[in-house]
S.K.: 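Dropping the structure in here first, questions after.
In what follows, every heavy atom counts, from backbone to side chain, and hydrogens, waters and symmetry copies are set aside. None of the values given here were measured: they were computed from a predicted structure.
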Amino acid sequence: MKRKPASASEVFSRLKEIYPEATTELRWSNPLELLVATVLSARTTDTTVNRVTENLFEKYQSARDYARANPEELERYLRPTGFYRNKARAVQGLARAIAENHGGGVPRTMGELTALPGVGRKTANVVLGNAFGSDEGVVVDTHVRRLSNRLGLSAEHDPEKIEQDLIKIVPKENRTLFSHLLIFHGRRVCRPRKPDCPDCVLNDICPSSTVK
Ligand code: SF4
């Protein structure tokens with residue numbers, strides 16, 4: 001018989017125990033840097049983004065710097081992250097909007113952030129939760145999506161619908177950390193192919209566990 005869905009609070013406390021250091025693996029030192037790094041992280045690894053941003057953040061330090069950047073030069077910096085033309089356009093577009101409509105400062109609300117060109121709920125949640133300490137929603141990336149399905153926390157596939165399911169079962173103050181924990185676990189144990197169920201601390205409560 002298939003097990004019932006895992007309890008979100010049990011998942012949270014067990015993963016917190018084994019990943020006390022769970023946080024974003026992107027390197028940033030202010031909200032603009034986190035916003036740019038998050039945009040660049042689409043379809044690449046955090047390690048690649050961190051390598052690129054080491055030089056990028058020295059060259060471009062304000063929204064106005066990105067807005068005024070030579071597009072080809074910006075593309076050269078972003079090239080290793082893949083899809084670099086689109087990413088350069090996205091970064092420049094949101095930087096212009098921040099410079100023109102927000103006095104150069106990254107806005108602090110979901111509505112204002114998602115109104116920036118190319119910024120969706122996932123990116124907005126990363127910035128709100130990590131740079132501004134506001135746990136409004138849950139970041140649903142590919143790992144959170146996969147683990148939420150495997151653990152039975154959501155049967156949905158669309159990230160925004162998964163987020164709505166998670167919001168109902170994860171207390172507000174835990175939402176940012178909850179997604180960091182699922183991402184850590186998804187990278188290390190509950191990998192896309194061949195999840196390591198025998199060594200997983202959730203294997204007695206996970207409905208997808210291969211351990212009987
Ligand atoms: S590794 Fe296995 S037991 Fe652990 S969460 Fe993933 S599917 Fe469930």
Side-chain angles (χ1 to χ4, degrees), residues 19 21-100 102 104-107 113-132 137-147 159-160 163 176-177 179-196:
Y19 305 121
E21 79 290 11
T23 184
T24 173
E25 292 180 87
L26 294 171
R27 287 209 210 101
W28 57 281
S29 64
N30 60 52
L32 180 66
E33 288 186 357
L34 180 58
L35 178 58
V36 170
T38 307
V39 169
L40 299 186
S41 71
R43 304 203 214 177
T44 189
T45 63
D46 289 353
T47 311
T48 301
V49 174
N50 290 339
R51 222 175 36 237
V52 164
T53 55
E54 206 175 321
N55 297 325
L56 185 78
F57 292 163
E58 266 194 33
K59 169 85 181 170
Y60 307 104
Q61 296 182 358
S62 69
R64 280 181 193 84
D65 291 343
Y66 287 106
R68 285 195 291 247
N70 173 304
E72 283 87 44
E73 192 178 13
L74 184 57
E75 284 175 7
R76 272 199 298 282
Y77 275 93
L78 306 192
R79 197 180 191 116
T81 70
F83 306 95
Y84 61 96
R85 289 208 176 92
N86 288 344
K87 288 180 181 177
R89 252 198 312 276
V91 167
Q92 216 157 22
L94 68 86
R96 277 198 194 109
I98 290 173
E100 286 165 17
H102 299 281
V106 175
L113 278 165
T114 51
L116 296 173
V119 176
R121 267 195 81 90
K122 177 180 153 257
T123 299
N125 274 326
V126 171
V127 173
L128 287 173
N130 295 284
F132 297 131
V138 184
V139 174
V140 180
D141 74 346
T142 177
H143 300 289
V144 175
R145 184 162 120 180
R146 183 176 69 258
L147 269 74
E160 294 206 3
E163 186 189 357
T176 300
L177 183 54
S179 72
H180 288 320
L181 292 169
L182 290 192
I183 292 167
F184 261 56
H185 201 54
R187 285 180 175 152
R188 292 158 179 78
V189 178
C190 191
R191 293 180 292 268
R193 284 176 221 175
K194 296 205 182 151
D196 187 5

S.K.: In chain order, what residues pass the side-chain hydrogen bond (donor to acceptor under 3.5 Å, both in side chains) check against Thr114, with sequence neighbours excluded?
M.R.: none
S.K.: Quick one: side chain to side chain contact (heavy atoms under 4.5 Å, CB included) partners of Arg188, sequence neighbours excluded?
M.R.: Tyr19, Glu25, Phe184
S.K.: Please step through side chain to side chain contact (heavy atoms under 4.5 Å, CB included) for the pair Lys122 and Val140, ending with a clear verdict.
M.R.: CA-CA 6 Å; Lys122 177 180 153 257; Val140 180; over 6 Å; no
S.K.: Suppose we screen for side chain to side chain contact (heavy atoms under 4.5 Å, CB included). Which residues come up paired with Glu72, at least two apart in sequence or across chains?
M.R.: Asn70, Arg76
S.K.: Please round to the nearest 0.5 Å and tell me the distance separating atom CG of Leu78 and atom CG of Leu56.
M.R.: 6.0 Å
S.K.: Checking Arg85 now: which residues fulfil salt bridge (charged side-chain N to carboxylate O under 4.0 Å, His left out) with it, not counting sequence neighbours?
M.R.: Glu75
S.K.: Tell me whether the count of non-hydrogen atoms from other residues, nucleotides or ligands lying under 6.0 Å of CZ in Arg146 goes above 12.
M.R.: yes
S.K.: For Ser62, enumerate each residue passing the side-chain hydrogen bond (donor to acceptor under 3.5 Å, both in side chains) test, keeping only those at least two apart in sequence or located in another chain.
M.R.: Asp65
S.K.: Could you walk me through whether Val127 and Val106 satisfy the side chain to side chain contact (heavy atoms under 4.5 Å, CB included) test, starting with their C-alpha distance in whole Å, then the side-chain angles of each, then the deciding distance to 0.1 Å, before giving a yes or no?
M.R.: CA-CA 9 Å; Val127 173; Val106 175; 4.2 Å; yes
S.K.: Is any side-chain heavy atom of Thr176 less than 4.5 Å from a side-chain heavy atom of Asn130?
M.R.: yes
S.K.: Among residues at least two apart in sequence or on other chains, which ones pass side chain to side chain contact (heavy atoms under 4.5 Å, CB included) with Asn30?
M.R.: Leu32, Glu33
S.K.: To the nearest 0.5 Å, how far apart are CG in Leu116 and CG in Leu35?
M.R.: 7.0 Å
S.K.: Taking the basic N atoms (NZ, or NE/NH1/NH2) and the acidic carboxylate oxygens, is any pair closer than 4.0 Å for Glu163 and Arg121?
M.R.: yes
S.K.: Hey, could you give me the CD/OG1 distance between Glu58 and Thr53, rounded to the nearest 0.5 Å?
M.R.: 11.0 Å
S.K.: As an exercise, state the distance from NE2 of His185 to CG of Leu147, rounded to the nearest 0.5 Å.
M.R.: 6.0 Å
S.K.: Which heavy atom of Pro195 sits nearest a heavy atom of Cys190, and at what distance?
M.R.: CB-CA, 4.1 Å
S.K.: Got a sec, which residues hit side-chain hydrogen bond (donor to acceptor under 3.5 Å, both in side chains) with Asp46, two or more places apart in sequence or on another chain?
M.R.: Arg187
S.K.: Where is the tightest heavy-atom contact between Val138 and Ser179, given as atom of each residue plus distance?
M.R.: CG1-CB, 3.9 Å
S.K.: Output a table of donor-acceptor pairs, distance under 3.5 Å, between side-chain atoms of residues 36-44 and any protein atom two or more places apart or on a different chain; print 'none' if there are none.
M.R.:
unit_1, atom_1, unit_2, atom_2, d
Thr38, OG1, Leu34, O, 2.6
Ser41, OG, Thr38, O, 2.7

S.K.: Identify, with sequence neighbours excluded, every residue that meets side chain to side chain contact (heavy atoms under 4.5 Å, CB included) alongside Arg96.
M.R.: Ala67, Gln92, Glu100
S.K.: Can you list every pair that meets ring-ring contact (aromatic ring centres under 6.0 Å, His included) and has a residue in residues 50-76, with sequence neighbours left out?
M.R.: Tyr60-Tyr66, Tyr60-Tyr77
S.K.: List in chain and number order the residues that pass side-chain hydrogen bond (donor to acceptor under 3.5 Å, both in side chains) with Thr45, two or more places apart in sequence or in another chain; answer none if no residue qualifies.
M.R.: Thr48
S.K.: Just how far is it from atom NE2 of His143 to atom CD1 of Ile183, taken to the nearest 0.5 Å?
M.R.: 7.0 Å
S.K.: For a quick test of reading the model, state the closest non-hydrogen atom pair linking Ala63 to Gly104 and the distance between them.
M.R.: CB-O, 4.2 Å
S.K.: Look up atom CG in Asn50 and atom CD in Glu54, then write down how far apart they are to the nearest 0.5 Å.
M.R.: 8.5 Å
